[in-house]
There are 2 protein chains.
Amino acid sequence: MASVTIYDVAARAEVSIKTVSRVMNNEPNVRPMMREKVLEAAQALGYSPNLSARSLAGSKSFVIAVFVDAALTIDHWRSERGADYLSRIQLGATLQCRDAGYHLLVELIDHEAPQIRQEVGALLAALKPDGVILTPPSSDNAIVLELLNKAGTPYVRLGPEEPDGPGPRVHMDNFAAARDVTEHLAALGHKRIGFVVGEPRHGASQARRAGYLAAMEARGLSVEEAWIRQGDFTFQSGHDAAKALLALPDRPTAIFASNDDMALGVLAAAAEAGVLVPGEVSVAGFDDSPSARFSRPQLTTVRQPVVEMAELATRMLIKGQVKGGAAGAMAEPIDELLPFELIHRASTAPPPVG
Amino acid sequence: MASVTIYDVAARAEVSIKTVSRVMNNEPNVRPMMREKVLEAAQALGYSPNLSARSLAGSKSFVIAVFVDAALTIDHWRSERGADYLSRIQLGATLQCRDAGYHLLVELIDHEAPQIRQEVGALLAALKPDGVILTPPSSDNAIVLELLNKAGTPYVRLGPEEPDGPGPRVHMDNFAAARDVTEHLAALGHKRIGFVVGEPRHGASQARRAGYLAAMEARGLSVEEAWIRQGDFTFQSGHDAAKALLALPDRPTAIFASNDDMALGVLAAAAEAGVLVPGEVSVAGFDDSPSARFSRPQLTTVRQPVVEMAELATRMLIKGQVKGGAAGAMAEPIDELLPFELIHRASTAPPPVG
DNA sequence: CTGAAAGCGCTTACAG
DNA sequence: CTGAAAGCGCTTACAG
């Protein structure tokens, strides 16, 4: 079927294509009557400007790309957390794109591949997106950031591991959130609080651990080395950590696992050991993943503003608030910190008396 | 930064742009030596053909779009199932796109909106994707299908509710899968098997229920009306259904919930009622969602080949195996049925003796 | 306020 | 096997 073009609309409205263009782009300097005629013709013909043509002729592509790690997605497509985090980001981004007449392109990036430079370079050259949303580990990938800067493509780093790095970023305060969870446990009366650390390569893991330690210190609570167990953000690692913690002679009365998958593992280990939650041990997680509500008891956890982060990043990109290339480097640094939320559910309670 | 164009490459390689075009598109009729020169120049310059220009000049856009329901995504972005199903589809599609140099565009469609016709029409006109992957409920939306046919855009219906409808489709056999689950329970020795029906508007709900009934009949097992409870695919509905089933005077020894969320609700209700799973009652689900492995006990369920379905659909679209518009209507009907897998886990066992 | 011309970076159809 | 010309459907820069 031959498509309807700007010429068809112009002919029907008896104006030049330039006027049609003005109307379609909401540009000024069109008499209301002309606008009416054009709109009418466009409507009647079912006209919608061709994106490729607009993109080729103009300076905007109406495309926002989101970079997602290929290995992470593939490895964890079965894992609750991975999929959920990324789909929330995509939801936020798509929502904002749709409202603004933009389109969201999902690009799988192989961050470990030797040819990443070429791959990403080709992507940017071929697509010329108006903006790129970087999800971890893209948010911290030096090559990706360099190519983006070189191409002059605006981007936003979502939840970067190194919040001090360069470039615009939207994230939340992992340190403060972990501190608040620990505070919450301490306020319930817990003094022996165990902690399960996340995957060590994730910056968030260190921030959360530091938040835990800071709260313990602020409360004047001592921390035994045995109370801190290394995990890797998986259910299994939480399970193993809890098994060890619960076997301690003077075991903790609360365990704070620094993500929900691990907290679920803690719950499972407790059930197997016949330890009541929260009667004998309180358990807290981090993420507010869907399964945090499907578990028994439901998990006390931290809700990350993931959808909101993606929405904000997308809006900033669409509105042109983020400058690319050299202009971006000159501009005022952008650093948006979004509020988290502590979700109190049934897995935390005061410690057993005696 | 001024981009590298086909002219730059042609100049450097000392050939015409047409030759560069031939090389970039792997067309025949280029002497190896010329090809070498062009490749070298392209490499040196970091050239990658501009997608918009290719799309505008040629007949291909190198874009595959996936249609996703807006309301469903928003309502269920917190729900395990919704997000997981869709992110698996996206994973499969993105994977195949990347391998073929295609790009995946995610479009949120508001299927309830009165202006859906205009919205989708505009989308197709603006994007001119080489193919569209339809996820439920797009797979069965008459307006979407009509517009796609009118635009001549090839599409694949993923897991359509009405498997008998027109157009190419990729799906799995819900009837056979539900039958197999029921068979599995019957083979374990269960005779009183309860069933929790899914959201009635989903075609899959009816197919699964029919599979359950067929297996019961084939086994010569009677089905009491009280054993079949209406659910809506949510945890809560599974919980409520199980509460009623477990309160029955001669309660079922097995409960087959037709998705995992509901099965998780059944598990929770059993735990609250002090009924052991699988000791006193067996529980089976459907979907193999991530939480099916995080539950205690882990769920016996059906693994849907969602990633595979998306991969197949995307490949068919990219390879041009699916024809659009009138050509599609003339072509041989495409109906790909992918195999499911019954996953035996700890939630099902023989019924209690006596 | 409106429009005629040029051009974005490619592919198509054709010529040699 | 190679290339010169035309054109895809828009926007930009400019003229009036």
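Order of the sequence lines sets the chain letters (A, B, ...), proteins ahead of strands, with each chain counted from 1.
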For C:dT2, does either OP1 or OP2 sit under 4.0 Å from a side-chain N or O belonging to A:T19?
no
Which part of the nucleic acid, if any, lies within contact of A:S52, taking any heavy atom under 4.0 Å across all strands shown: a base, the sugar-phosphate backbone alone, or nothing?
nothing
Kindly give the heavy-atom pair with the smallest separation between B:E119 and B:L108, and that separation in Å.
OE2-O, 3.6 Å
Rounded to whole Å, the NZ-P distance (A:K60 to D:dG9) equals 22 Å
Nearest whole angstrom, please: distance from the P of C:dC1 to the CZ of A:R35.
10 Å
How many whole angstroms separate atom CG of B:L51 from atom P of C:dG9?
14 Å
Presence of B:N25 side-chain N/O under 4.0 Å of C:dT11 phosphate oxygens OP1/OP2:
yes
Reckon B:S21 has a side-chain N or O less than 4.0 Å from the OP1 or OP2 of C:dT11?
yes
Now, which nucleotide makes the Watson-Crick or G-U wobble pair with D:dG16, with each of the two distances under 3.5 Å?
C:dC1
Which of these nucleotides, D:dC14, D:dG3, D:dT12, is closest to any side-chain atom of A:R22?
D:dC14
Rounded to the Å, how far apart are B:M24 CE and C:dT11 C1'?
14 Å
Does either side chain, that of B:D69 or that of B:H111, offer a donor lying less than 3.5 Å from an acceptor on the other one?
yes
Could B:E36 and B:R31 be called an ion pair, given the rule that one side-chain N must be under 4.0 Å from one carboxylate O?
no
If you compare every side-chain N and O of A:T5 against the phosphate oxygens of D:dC8 (OP1, OP2), does one of them come in below 4.0 Å?
no
Touch class at under 4.0 angstrom, heavy-atom based, for B:S55 against every strand present
nothing
For A:I17 and D:dT11, give me the distance from atom CD1 to atom C1', rounded to whole Å.
9 Å
Look at the side chain of A:K18 and decide which nucleotide, out of D:dA13, C:dT12, C:dC8, has an atom nearest to it.
D:dA13
Can you measure A:Y7 atom OH to C:dA4 atom P for me and round it to whole angstrom units?
11 Å
Side-chain donor-acceptor pair present, B:H103, A:E107, cut-off under 3.5 Å
yes
Counting only side-chain nitrogens and oxygens, does B:S16 get under 4.0 Å of the OP1 or OP2 atom of D:dG3?
yes
For the residue pair B:S55 / A:S52, report whether a side-chain donor-acceptor contact shorter than 3.5 Å exists.
yes
For D:dT2 and B:R31 - does any side-chain N or O of the residue sit under 4.0 Å from the phosphate oxygens OP1/OP2?
yes
Less than 4.0 angstrom from a charged side-chain N to a carboxylate O is my criterion; do A:R169 and A:D335 meet it?
yes
I want to check one thing: is the phosphate of D:dG9, taken as OP1 and OP2, less than 4.0 Å away from some side-chain N or O of A:N50?
no
Grab the CG-P distance between A:L56 and D:dT11 for me, whole Å please.
11 Å
Round to the nearest Å and state the distance from A:N29 atom CG to D:dA13 atom P.
16 Å
Can you tell which of D:dC8, C:dC8, C:dT2 lies closest to the side chain of A:A57?
C:dC8
